[in-house]
K.L.:
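Submitted below is the structure of interest, expressed as C-alpha cells.
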2 protein chains.
Amino acid sequence: MTFSRDDSAGYLANHLARLFARELQARIKPLGLSIGTFPALLVLWEGDGLTQRELIAALDIEQPTMANTLARMERDGLIQRRRDPHDGRAQRIWLTETARALEGPATAAATAVNARALAGLSATERATFVALMRKVVAGLQPDDGAV
Amino acid sequence: MTFSRDDSAGYLANHLARLFARELQARIKPLGLSIGTFPALLVLWEGDGLTQRELIAALDIEQPTMANTLARMERDGLIQRRRDPHDGRAQRIWLTETARALEGPATAAATAVNARALAGLSATERATFVALMRKVVAGLQPDDGAV
DNA sequence: TAGCATTGCATTCCAAGCTATACAAGTGCT
DNA sequence: AGCACTTGTATAGCTTGGAATGCAATGCTA
C-alpha cells in the first residue's frame, strides 16, 4: 500500500501549478513580464494606489515575498512607489504607463492559458473544477483548526 | 469585464499549490525533510537505484532542478550516488537508511495534509477533484500542439 | 577508426516563495 | 512628554523552480 502520487491532491496541485506557470511564462515573457508579478498586476489594474499591506491581503502572499516582487517590478519600470502623505511608514503603489498598457495583452495571454488547460473538459467540468479548487483553497486558507 | 482571479484556473492552481506546500512543509520539517525532496523520495521509496534521468521522467521536473534537489538530498544524508558500472556518464541513486526510515512518517504527513485539504468535500467531490486535476495535468503535459 | 551527434549530468544565474529578523513610523496610555 | 505596543517595509538567507550553457562519456556512421 504505497502512497500514490497520482491519487494525491497535493502532488497534483503542485504539478498543475508548475504546468500553468510554464505555459504562462512562455506567453508573457515576450511582453516583458514574469509570472510572479502577474497577481500583483491583476490587483493593481483594478485600481492602483494601494499599499503593500493591501496587496498582501488581496493575494495571500507573505510580506517579504511581496516586498521582493515589488522591488523587481519597480526595477523593471512597472510601478512607482510614493510615500503615503498621511502615514510615513506606508508607500502607495502606482502603475506606470508601461504597466497599464500591458493589461490587454497580458490578460489575453492568461485567458489563453486557461483555455488551453481546460480544453479537454466539458463546460460543466470546467465549472466544477474551478468551483472545487475555490472550495479547497477556502478550506485550507485560514488556520482552520476549527473544532 | 476585468479578468477575475477567482475564476481563473491558473491563479487558483497557483494558490492551491502554495497552500498545500505551506501545510506539508509545516508537517515534515520536524522530520528533517523539505517539500522539494518529497516527490523524489516518493519515487525512490518505490525502488531506488534509478538514474537522475529516470527520476526526471517520472516527475516532470527540469534536469537542473533535479540535479540541485539531489545535491541537497545528498548533503542532507538522504541519498548516495554511485556511478553506473555500464555507463560512465550516469549515476544511480540509492536511499540511505535514514531516508528509508522516513517513508512511514513522511507519507503519513502527506496523507494528513490531503485529508485536511479535502475535509470540506464529500467523497464524490474528492474523487471528482482529483480526477479533474489529473485530466488537466494530462492535457497540459505534452507540447500538445496537436491539430 | 576518426569525427560528429547524442546523452547524462553539473554549473551559473535568475525568479519566486518562505522564515526570521530588524527597524522606523504611528498609536495609546499614563 | 515618555514608554510600550503595533504596524508597514526591508533585508538576509534559504529552498524550489527554470533557462542557458558546458562538458565528458557514449553511440553512430562514413
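In the text below, chain A, chain B and the rest are named by the order of the sequence lines, each starting its count at 1.
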K.L.:
Determine, for A:Asp87 against A:Arg53, whether the closest basic-nitrogen to carboxylate-oxygen distance falls under 4.0 angstrom.
P.N.:
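Not counted as a salt bridge, because no side-chain N and carboxylate O are separated by less than 4.0 Å.
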
K.L.:
For DNA chain C, whose closest nucleotide is more 5', that of A:Pro85 or that of B:Arg83?
P.N.:
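Comparing both residues, the 5'-ward one is B:Arg83.
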
K.L.:
Can you tell me the distance, in whole Å, between the CE atom of B:Met73 and the P atom of C:dA10?
P.N.:
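Computing the B:Met73:CE to C:dA10:P distance gives 13 Å.
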
K.L.:
For B:Leu118 and B:Leu121, what are the C-alpha separation, side-chain angles and deciding distance, and is it a side-chain contact (heavy atoms from CB on, under 4.5 Å)?
P.N.:
CA-CA 5 Å; B:Leu118 304 182; B:Leu121 309 194; 4.1 Å; yes

K.L.:
Could you state the atom-to-atom distance from CE of A:Met66 to C1' of D:dG8 in whole Å?
P.N.:
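From A:Met66 CE to D:dG8 C1': 14 Å.
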
K.L.:
Return the nearest nucleotide to the side chain of A:Arg18; candidates are D:dG17, C:dC18, D:dA20.
P.N.:
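Of all the options, the side chain of A:Arg18 is nearest to D:dG17.
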
K.L.:
Roughly how many Å is it from CG in B:Leu24 to C1' in D:dT15, rounded to a whole number?
P.N.:
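Rounded to the whole Å, the gap is 14 Å.
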
K.L.:
Counting only side-chain heavy atoms from C-beta out, which of C:dC18, C:dA10, D:dG17 sits nearest to A:Pro64?
P.N.:
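The listed nucleotide nearest to A:Pro64's side chain is C:dC18.
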
K.L.:
Counting only side-chain heavy atoms from C-beta out, which of C:dT11, D:dA10, C:dC18 sits nearest to B:Arg22?
P.N.:
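Side chain of B:Arg22 sits closest to C:dC18.
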
K.L.:
OP1 or OP2 of C:dA10 versus the side-chain N and O atoms of B:Gln91: is any pair under 4.0 Å?
P.N.:
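For C:dA10, OP1 or OP2 has a side-chain N or O of B:Gln91 closer than 4.0 Å.
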
K.L.:
Nearest-Å distance, NZ (A:Lys29) to P (C:dC14)?
P.N.:
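Distance check: A:Lys29 NZ to C:dC14 P gives 13 Å.
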
K.L.:
Nearest-nucleotide wise, let me know which of A:Ala90 and B:Gly36 is further upstream toward the 5' end of DNA chain D.
P.N.:
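It is A:Ala90, whose closest nucleotide lies nearer the 5' terminus.
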
K.L.:
With a 4.0 Å cutoff (strictly under), does any side-chain N or O of B:Asn14 reach OP1 or OP2 of C:dG17?
P.N.:
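So the side-chain polar atoms of B:Asn14 do come within 4.0 Å of the phosphate oxygens OP1 or OP2 of C:dG17, strictly under.
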
K.L.:
Can you name the closest pair of heavy atoms from A:Ser34 and A:Ile28 and give their distance?
P.N.:
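Taking A:Ser34 first and A:Ile28 second, the nearest heavy atoms are C-CD1, 3.7 Å.
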
K.L.:
Return the value, rounded to whole Å, for the distance between atom CG of A:Asp84 and atom P of C:dG26.
P.N.:
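Checked: the CG to P distance equals 9 Å.
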
K.L.:
Can a donor-acceptor pair under 3.5 Å be found between the side-chain atoms of A:Arg89 and the base atoms of D:dT9?
P.N.:
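Side chain to base: no pair present.
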
K.L.:
Using a heavy-atom cut-off of under 4.0 Å over every strand shown, decide if A:Thr51 touches base, sugar-phosphate, or nothing.
P.N.:
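It contacts sugar-phosphate atoms only.
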
K.L.:
How many Å lie between OH on B:Tyr11 and C1' on C:dG17, as a whole number?
P.N.:
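Taking atom C1' of C:dG17 as the reference, OH of B:Tyr11 is at 14 Å.
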
K.L.:
Tell me whether the OP1 or OP2 atom of D:dT15 has a side-chain N or O from B:Arg75 closer than 4.0 Å.
P.N.:
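So the side chain of B:Arg75 is within the cut-off, an N or O lying under 4.0 Å from OP1 or OP2 of D:dT15.
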
K.L.:
Of B:Gln63 and A:Arg81, whose nearest nucleotide on DNA chain D comes first from the 5' end?
P.N.:
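So the residue in question is A:Arg81.
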
K.L.:
Can you tell me how far C1' of D:dT7 sits from CZ of A:Arg92, to the nearest Å?
P.N.:
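Atom-to-atom, A:Arg92 to D:dT7, this comes out as 14 Å.
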
K.L.:
Would a 4.5 Å heavy-atom cut-off, applied to side chains only, mark A:Leu50 and A:Ile93 as touching?
P.N.:
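SC-SC contact between A:Leu50 and A:Ile93 ruled out.
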
K.L.:
Can a side chain N or O of B:Gln52 be found less than 4.0 Å away from OP1 or OP2 on C:dA10?
P.N.:
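For B:Gln52, the contact criterion (side-chain N or O under 4.0 Å from OP1 or OP2 of C:dA10) is met.
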
K.L.:
Take the protein atom CD1 of A:Ile61 and the nucleotide atom C1' of C:dT19, then report the distance between them rounded to whole Å.
P.N.:
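Atom CD1 in A:Ile61 sits about 15 Å away from atom C1' in C:dT19.
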
K.L.:
Just checking, any donor-acceptor pair under 3.5 angstrom between side chains of A:Gln63 and A:Gln52?
P.N.:
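Indeed, the side chains of A:Gln63 and A:Gln52 share at least one donor-acceptor pair under 3.5 Å.
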
K.L.:
Going from CE on A:Met133 to CG on A:Leu16, what distance comes out if it is rounded to the nearest 0.5 angstrom?
P.N.:
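The CE atom of A:Met133 sits 6.5 Å away from the CG atom of A:Leu16.
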
K.L.:
A:Ile35 near the nucleic acid: base, sugar-phosphate alone, or nothing, with a heavy-atom cut-off under 4.0 Å?
P.N.:
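Since only primed, P, OP1 and OP2 atoms lie under 4.0 Å of A:Ile35, the category is sugar-phosphate.
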
K.L.:
Kindly indicate whether the side chain of B:Thr65 and the base of D:dG18 share any N or O donor-acceptor pair separated by less than 3.5 Å?
P.N.:
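Yes.
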
